[in-house]
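First the proteins, then the strands, lettered A, B, ... as listed; each starts at 1.
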Amino acid sequence: MRSFSYLSAPDVETALRVIADGEGVKFLGGGTNLVDLMREGIERPATVVDITRLPLTGIEELPGGGVRVGALVRNSRLAADLLIRTRYPVLAQAVLHGASAQLRNMATVGGNLLQRTRCLYFYDGAAACNKRAPGSGCDAIGGFSRGGAILGASEHCVAAHPSDMAVALAMLDAVVEVESVRGVRRIPIADFHRLPGDTPHIETALAADELITAVELPPVPVAANSRYRKVRDRASYAFALVSVAAALNVEDGVVTEARLALGGVGTKPWRATEAERALLGAPATEDAFRRAAEAELAAAVAGPQNAFKIELARRTIVATLRRLLTEGSAA
Amino acid sequence: MSGMDTRVAGGVGASALRPDGTLKVTGEFAYSSDLWLDDMVWGVTLRSPHPSARIRSIDVTPALAMPGVLCALTHEDVPGLKFHGLDHPDTPVLAIDRVRYQGEPVALVAADHPERARRAAAAIVVDYEVTEAVTDPWRAAFDPSCPKVQEGGNVLRHQPVRVGSVFEAPVVVTGEYEVGMQDQAPLGPESGLAVPAEDGGVDLFVATQWLHVDRDQIAPCLGLPPEKVRMTLAGVGGAFGAREDLSMQIHACMLALRTGRPVKIVYGREESFFGHVHRHPARMRYEHGATEDGRLVYVKAEILLDGGAYRSSSPAVVGNAASLGAGPYEVPNVAIDAYGVYTNNPPCGAMRGFGAVQACFAYESQMDKLAEACGISPVEVRVRNAVSQGSRLITGQVIDSPAPLAEMLRELEAFPLPEEPAAGGRDLRALPGGVAQTTHGEGVRRGVGYGVGIKNICFSEGFDDFSTARVRVELAGGEPHVLVHTAAAEVGQGLVTVQAQIARTELGIDRVTVAPADTRVGSAGSSSASRQSYVTGGAVKAACEAVRARLDKLAEENPGLTLPELLERSGPVEETREYRHRPTYPMDPVTGQGDSHTQLALCVHRAVVDVDVELGLVKVVELAAVQDVGRVLNPLALEGQIHGGTAQGLGLALMEEIQVVDGRVRNPSFTDYLIPTILDMPPMRVSILENADPAAPYGLRGAGEPPTLSSTPAIAAAVRAATGRPLPRVPIRPQDIALPA
């Protein structure tokens, strides 16, 4: 690890000032991703500002039925929170399906939103990677691409977004609250993560001097009947091959509301709007679920090693919706 | 004082407590990576980024100019022999004019801080001319136009086995099988501390599997006589074969001798994947011929093992694949060809099961096909062909100790099957996909499969395989006390505990200390091939018997005196003994015939799996095993070995594989190379048999490896039974089950 200076911020103002004034400043939350990346030499901050003492650890109910989650709420606490578990079961489940218990005890909500890809070529300093070294190319394309994205990729990058939590947030239309010395901004989750395009190194809409202070969950009544399903290579502590966050409302056998987001398959947490459109007003049947999945996956592009993900995603979407229909959100 | 004294607690047969157990569980055990001296400096290795390249030049001056750097060394600085190797010195200490695999060591740096050393190593300028990498083992072996990775050609050993001449049968089954590259994945990375000594020699503290074979490779490269390289075993964080070849040993010594300072080298997790050999990936083609009632007429096989860039222990791995290539079955006609080949892939060598694992997956898959073709059960086909005491292996060697395979299979089959729970209300942890909500029972099919494995115990094919023990009885605080001293490496398997148990039983004295393993006593041989309880156990037993004979004589000469009084009079009584198992012989290079093994061990597994056939996820519900160990020395440690070996076999069946693409390792981390967790490993039902081997100490039979063999094919068979898919390759991935191409 390169040497760096370390500073513990006593309050938000200090943290914002340091990052506004300095070059190469990074905020340190749980450290579960940043420290790894620093060890590998992928992140090389000059200054690390420890923000874990900032008072951003609350989970508050908002007037109107939403919930505001502080950026420094640890993943394990978020998943255990009663408000979250009852109003947004999909979020609690998604968080619990990520990483390991030890990592969840450290990882923060804000940090999770900034989690970087686990693309094998991103981590290999000897490989070309436009995300790590802009303009160097992408060895993942045509390489060992089993973990690669099938949705949202560009000719410059096929790296899949690794987060589980962010998939649930995408489904919930969460809003990311960020702050800098210039003021406060509220960024809809759909705009927060960016498609790689020809700038895969720019992953989010967060400006260099901004701090994530909270995530706001709007009232989403249908989310009371939501769930998260994750398919992975071992029973715990593995990234998703495919994951699905879904919420469903059915009246008289017809889908009146549906929300769907995918993980493991997209270059960003993937809101499945095509599938949602197909579901709305459709009969709540296996056939309709399959057609919805196919509508979303029509745009999927895969290589020889990750082609299986298309069918796996289709089956996982159908099975998640089927389960919602029969069992609701019960874990 | 004659005969074994069974009155002493903690002797042979007891679950004596491990001295290292509490320390390891509480995080206080000192591993080799914890070694520390105040004036030490840090060594770092620069490695090749290319699988195959010529080196035009190496310029270390940019490294030397950096702050805190003490020295930067290349092959020109190797004081003596420039090559080392377990079997044959073919591996450059540091690359000379070419590199043959990604990660091959090229240069070394010592600096006052590990990060400074790393940056200095990165500043070294190596001018590479990249050359064509040979990455297809089939092409390496059989295409004459393929470039040669090593001068002598790409086939490092071809071992045929030829028996009989009948290769026609009423029932014929064929198959092509593949085994991926598995890693030993020890949790402790390669590490050690080299301390320069005043006599010009060096003291090396290191985690290894065999101190003396390390020393005998290190000393010539340093240009030192062996006695000037003194080695002490440091805390070992797992081995499984990964520590048989040298890693940082010579490098640390070179840096220490050059700088005059103690030098510590600790690999990180990623570097560890490049710092040790792996299990050979294999491609295998099998044909079994049998009578209509399932009795084997012949076995034909071609086994191709990718040895990577250097020799390591590949020749012996090929020997095992050939001699054990038809499994523990009576086969009158055999034509097996096992090949080990050089490629520019990562070097492969020893890993638990050592050449027997790959073939076992293939021949057991074949036995299941044969059962189906003959319309009999998997157990029945195995029973009908099972070896027993007196049977001949395909090498002509007669199994001269109990080998009750048929009985073991019958016992395994009779174990009650775990109940298939009714749908709904199931514990998610017991379902495929676990708590990830992938299924609540729908789309889940159950399968049951059997696997049988046979493994040679101890070194084979004429190797002079021995161990040495020094045992001393003396008074300490007025009480008799035993000191056992060997060079045998405790790698987590529990050998230190077993040595003390043997001393207690043989001498009837409960106070026993096992001295740290070092080179001040003779070689103990390797902590591998499931051999240490047998060979070092045998040496400790022999030394204890010699000490006991002297004490008996003293007692005879001094009637009426107690042991403390005798020791008071005689002073310490010390004896050193070497112990050898029965000799073995080379395999005939043309027919493969010969008594190449000294002991053979059997393990049988039954796997019960639930498979989510829609998503391809597997939950292993239960693993049951029957193993004959001859004699149980420590029940708890033995069960741990069986559980651990089984888990490693589960890993190979379902998830563990180093992904090598064009000669480059793509997943050198525990985030991307998956090993089973506690949620993947099911409860086990284990039955242990004790049919003694009269040739072995206490009748024991080595136990660490056999379970690793048989659990993999049992799990694969169970998944096939649940899905109806052929699944000719391990590890089996979700897409192989649910979404075949």
#### Entry: Short side-chain to backbone donor-acceptor contact, A/R234 and B/I675, under 3.5 Å
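Yes; at least one donor-acceptor contact below 3.5 Å.
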
Distance in Å, [X] [atom1] paired with [Y] [atom2], rounded so as to fall on 0.5 Å steps:
X: A/K230; Y: B/L615; atom1: NZ; atom2: CG; answer: 14.0 Å
X: B/N667; Y: A/Y123; atom1: CG; atom2: OH; answer: 14.0 Å
X: B/S669; Y: A/E40; atom1: OG; atom2: CD; answer: 8.0 Å
X: A/L120; Y: B/R664; atom1: CG; atom2: CZ; answer: 14.0 Å

### Message
With chain A as the partner, which of B/V661, B/T677, B/D672 has the greatest number of non-hydrogen pairs under 4.5 Å?
### Response
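Among B/V661, B/T677, B/D672, the one with the most close pairs to chain A is B/D672.
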
### Max heavy-atom pair count under 4.5 Å with chain A, selected residue of B/G268, B/P668, B/P49, B/P734
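Of B/G268, B/P668, B/P49, B/P734, B/P734 has the most heavy-atom pairs under 4.5 Å with chain A.
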
### Query
Under 4.0 Å between a Lys/Arg side-chain N and an Asp/Glu carboxylate O for B/E614 and A/R322?
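Salt bridge flag = yes for A/R322 with B/E614.
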
#### Entry: Residues, nucleotides or ligands: over 12 heavy atoms within 6.0 Å of B/D662 CG
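Not more than 12 within 6.0 Å, no.
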
### CZ/B/R729: more than 12 non-hydrogen atoms of other groups inside 6.0 Å
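More than 12 heavy atoms, drawn from other residues, nucleotides or ligands, come within 6.0 Å of this atom.
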
Got [X] and [Y] here, is their nearest side-chain heavy-atom distance under 4.5 Å?
X: A/T326; Y: B/E442; result: no
X: A/K309; Y: B/Q735; result: no
X: B/Q659; Y: A/R146; result: no
X: A/S3; Y: B/H113; result: no
X: A/Y237; Y: B/L674; result: no
X: B/L739; Y: A/R315; result: yes

Could you tell me which portion of [X] (side chain, backbone, both or neither) has an atom closer than 4.5 angstrom to a non-hydrogen atom of chain B?
X: A/L241; value: side chain
X: A/D124; value: side chain
X: A/S100; value: neither

### Task
Among A/E327, A/R39, A/E311, single out the residue with the greatest number of heavy-atom pairs under 4.5 Å to chain B.
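That would be A/E327.
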
### Task
Work out which heavy atom in B/D680 is nearest to a heavy atom in A/A235; give both atom names and the distance.
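Shortest heavy-atom separation between B/D680 and A/A235 comes out as OD1-N, 2.9 Å.
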
So for [X], is it side chain, backbone, both, or neither that comes closer than 4.5 Å to the heavy atoms of chain A?
X: B/L617; result: side chain
X: B/R119; result: side chain
X: B/R118; result: side chain

